[in-house]
Structures are given as C-alpha cells and as structure tokens.
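Both backbone and side-chain heavy atoms feed into the values below; hydrogens, waters and symmetry mates do not.
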Amino acid sequence: MISEDRLRASPAEEVSLDGGIPLIVPRRRPMYPLPLKGKYGRSDDLVLDVNSNSMRISSGGSGSIAANGGIFFLMLLCVGMVFLGSWVIFSEYQRTGSVGISIIFVCVFIFSIFGGGAFGFLRHLMREPVVYPLLIDRKNGRLVQMQGSQRVEAQWNDLRPYIEPVTSVSTAGASTSCNLHLIQPSEDRKRAWKCIMVQNALGLYDCLSTYEFLARYMEGDWEGLPDIHLLPGGRPGFWDAYRYGFFNPWIGLPRWEDRSPRSRRWMWIFTPLWTILFWPFAVMPIIGSRFGYIPKFNSQDLTQAGHDPVRDGPVPAVLRSKIKPPQPLAAGEKLLYWISLGGGTSVWLGFGLMMLLLMLD
C-alpha cells in the first residue's frame, strides 16, 4: 500500500545535506532526512533472499567489514611492537651479556600496552557481528533487525529514511560516504525511538535509490523494481569481499557481464594498478569478512514472514523474473582478480620483508 506522503511526493532529482533538522541518534553521527521518492530503485550488494511476502537483507555490508580489516591491521601493529621489544632485549643481551633496568622497564611497558591492545583487538574481532541481518516482513508490514544480541522491530509505516554522512581518510585522500538508516523519529523529529541500519558506504543518491527499492517492494510495485542480484550468503565470499569492498566497489559494479568490451580492457589496466598501489585498503574487506559472527533470527520471526506456495500462491511472474541468483565469476574476470591481488600482495609483502631485514641488520 502506497503511503499518502509518497503519493504526494515527486521523484527527487538530487539529494543534499542542506535541508532538514539533524536527528540525534545515540552512538551515531547526526543524521539528515532523505526525500521519500527517487527516480529509480537500487538493490546492489543487499538482498539475500526475496519473495512476495518477505525479503532478507544483509545490512552493514562492506563498510563494517572493512573496519574489521583495519582493526586486524592494528592488531598486527601491536604484535609487531611486542616483537620489536623482544628483539631489543635479545640484541642487548647478545651484545653485553646483560640487560639494563631502563631497557627492561621500556620493554615491559611495550609488552603491557601493545600486548593488551592486540588481545583487545582480537577479542573485538571475534565477538562483534559482521553484519546486522534485516528481515522485511511485507505481509505484516514490519521490519525486524538483529543488531548483535539486540532485536529491533518496527512497523514500516512508522519509519522514515535518514542518511548518516561519514568522512574517511586514506592514502587516496578524504572522502565522504553515507549510511542509510530507517528511523522511527520522535514527534519533534529531533531524536530517534528506533533505528534500523539498511546499508552503508553509499553515495547520496544511492541511499535514496536503495530506499526507493525498499518502498517499491513494500508497495508491491513489481514492475518498478530493478533486477535483484542475490548475495550468495550473509558473509561475503573471498572475491565478493574484494570486488564489492568499501574501497573497491567500482571493481564489481557495473558487473562484468554488463560491461562493454572497451570497459573490460580498461579494467585490465586500472584494477591491477589500484590494487598494487592501495593493497592494504583493497584487502581490508577480505580480511574483515573472515571475523565476527552473523546473528540469527528466531524461528517465530521467520515463520510469520515465510512464504507458503499453497497458502500464499506462487511468487508473481514479474517479481520472479527480476530475481537473479548468484553467478560464478567469468574466467577472464577471475584471472584479472588473481593477477591484481597476487601482484599487490607480492609487492607489499616484498617491501615489508625488505624493511624487516633492514631493521634486523
């Protein structure tokens, strides 16, 4: 059913952060309201399963996975500092036959700080959810999200789309992306009663087109839906984490089969070059996707939202034609990724080994 607000709204031509009062959400940056209607829908890197009654979404996605990869590198840094402290003691003992109290004090300080840091980072990686699964129960007009051990439920008609601007800094420079949330706001529109994460690390209009996809699905506008390319699972596969990662989405989108021959030739130049230059950022999502756990819905939520062909009838033919199951990588695409990632890994590990030998010399 289409809401009156969406019926009155015209498709927005662009999205800006200038309008609206910022919304305050605990442990989040200020959020800004989105228009209620976009020109088209977008479902990339989002949907796990869909039918006419319900849809399961992998929320959080590449941004949180890349953050896990960054935490892993910080853990390695801490381990490296502990190793360095051990090497200082060993070298001093070999040189003089004893170790001064000042060196012991400094090394104990290093062991305590960086050893504790490494343990804390590892504990975080193992205990944090890698995604926030979202169940959209179209049949009952509700959404249920598992945010770790916390279960959040809200009615679709009570929710409004908001974006959370996030600025990240890397060797490639500073960039701003946005996280898309569905918020049940207070009456004064200054605070949130409930907050549901949909997707992160998006452009401004990508946030609106993702919301437009959800709205058209809830309204049963099967004709207006884009093609829905299903994800192979809640945890991204190795190559999916690489090509759709927080820093690499241009590698996976547009999809290989949708690219022109000319575009594929350019990919053979820029993909290896990008991966070699920014290898640590390219592999962050790959590493981060291996850690954490995926929260599970309870059986009651899944049963209430389930689709029974006998009771509910078959999935409409138009919707069924939009659903695209996961496809294996094309041979040329997979070879490109192997060469790019293999080249980047060789260059950066060789550089790291050379620096280590210089330190130990």
Side-chain angles (χ1 to χ4, degrees), residues 12 14-36 38 41-48 55 57-71 128-136 143-148 150 152 154 156 159-170 174-185 189-215 231 234 236 241 244-250 252-253 281 284-285 288-289 292 294-295:
E14 60 181 17
V15 176
S16 68
L17 300 177
D18 298 332
I21 300 173
L23 185 78
I24 304 303
V25 181
R27 299 184 300 277
R28 290 285 183 181
R29 297 170 180 83
M31 299 187 190
Y32 299 86
L34 266 178
L36 292 179
R42 175 188 180 278
S43 66
D44 297 322
D45 195 25
L46 188 66
V47 181
L48 291 166
M55 178 164 58
I57 283 177
S58 180
S59 296
S62 62
S64 56
I65 290 172
N68 280 352
I71 292 172
E128 286 297 307
V130 67
V131 294
Y132 287 168
L134 174 59
L135 176 64
I136 299 180
L143 284 75
V144 178
Q145 184 168 63
M146 297 303 300
Q147 299 177 356
Q150 182 182 6
V152 178
W156 170 260
L159 298 172
R160 292 294 181 268
Y162 280 79
I163 51 176
E164 175 192 16
V166 179
T167 300
S168 58
V169 180
S170 68
S175 61
T176 299
S177 61
C178 294
N179 301 335
L180 172 62
H181 300 266
L182 294 175
I183 301 291
Q184 182 177 336
R189 304 282 173 148
K190 293 183 179 180
R191 282 173 171 73
W193 296 128
K194 294 180 180 179
C195 176
I196 291 177
M197 158 72 80
V198 178
Q199 202 172 18
N200 55 18
L202 299 175
L204 283 172
Y205 208 90
D206 286 341
C207 288
L208 179 56
S209 57
T210 299
Y211 173 73
E212 180 67 20
F213 162 68
L214 299 181
L231 298 173
Y244 299 129
F246 180 74
F247 301 98
N248 316 321
W250 62 272
L253 296 171
F281 299 100
M284 273 185 190
S289 64
I294 300 177

Minimum-distance pair of heavy atoms, taken over all atoms of I183 and C195: CD1-SG, 3.4 Å
Nearest non-hydrogen partners of E212 and L36, listed with the distance: OE1-O, 4.2 Å
Beyond-backbone contact of F213 with V47, side-chain heavy atoms, under 4.5 angstrom: yes
side-chain contact (heavy atoms from CB on, under 4.5 Å) between I57 and L214, intermediate numbers included: CA-CA 10 Å; I57 283 177; L214 299 181; 3.7 Å; yes
Contact summary for I294 and G234, nearest pair of heavy atoms: CD1-C, 3.6 Å
CH2/W250: more than 12 non-hydrogen atoms of other groups inside 6.0 Å: yes
Y211 to W156 - nearest heavy-atom pair and separation: CE1-CH2, 3.8 Å
Euclidean distance, I71 CD1 relative to M284 CE, rounded to 0.5 Å: 10.0 Å
Interatomic distance, I65 atom CD1 to N200 atom CG [nearest 0.5 angstrom]: 9.0 Å
I163 CD1 to L180 CG distance, which is reported to the nearest 0.5 Å: 8.5 Å
Heavy-atom closest contact (P185 atom, W193 atom, distance): O-CD1, 3.4 Å
side-chain contact (heavy atoms from CB on, under 4.5 Å) between V15 and C207, intermediate numbers included: CA-CA 9 Å; V15 176; C207 288; over 6 Å; no
Pair Y162-R28, side-chain contact (heavy atoms from CB on, under 4.5 Å): steps then yes or no: CA-CA 12 Å; Y162 280 79; R28 290 285 183 181; over 6 Å; no
Donor-acceptor under 3.5 Å (Y205 side chain, A12 main chain): yes
Backbone of H181 reached by a side-chain donor or acceptor of E164 within 3.5 Å: no
Rounded distance (nearest 0.5 Å) linking atom CD1 of I24 with atom CZ of R29: 13.0 Å
L231 and L46: CA distance, side-chain angles, deciding distance, side-chain contact (heavy atoms from CB on, under 4.5 Å) verdict: CA-CA 7 Å; L231 298 173; L46 188 66; 5.7 Å; no
Taking every non-hydrogen atom, the tightest pair across C178 and L204: SG-CD2, 3.6 Å
I196 side, atom CD1; L182 side, atom CG - distance, nearest 0.5 Å: 6.0 Å
Nearest-0.5 Å distance that lies between atom CZ in R42 and atom OG1 in T210: 4.5 Å
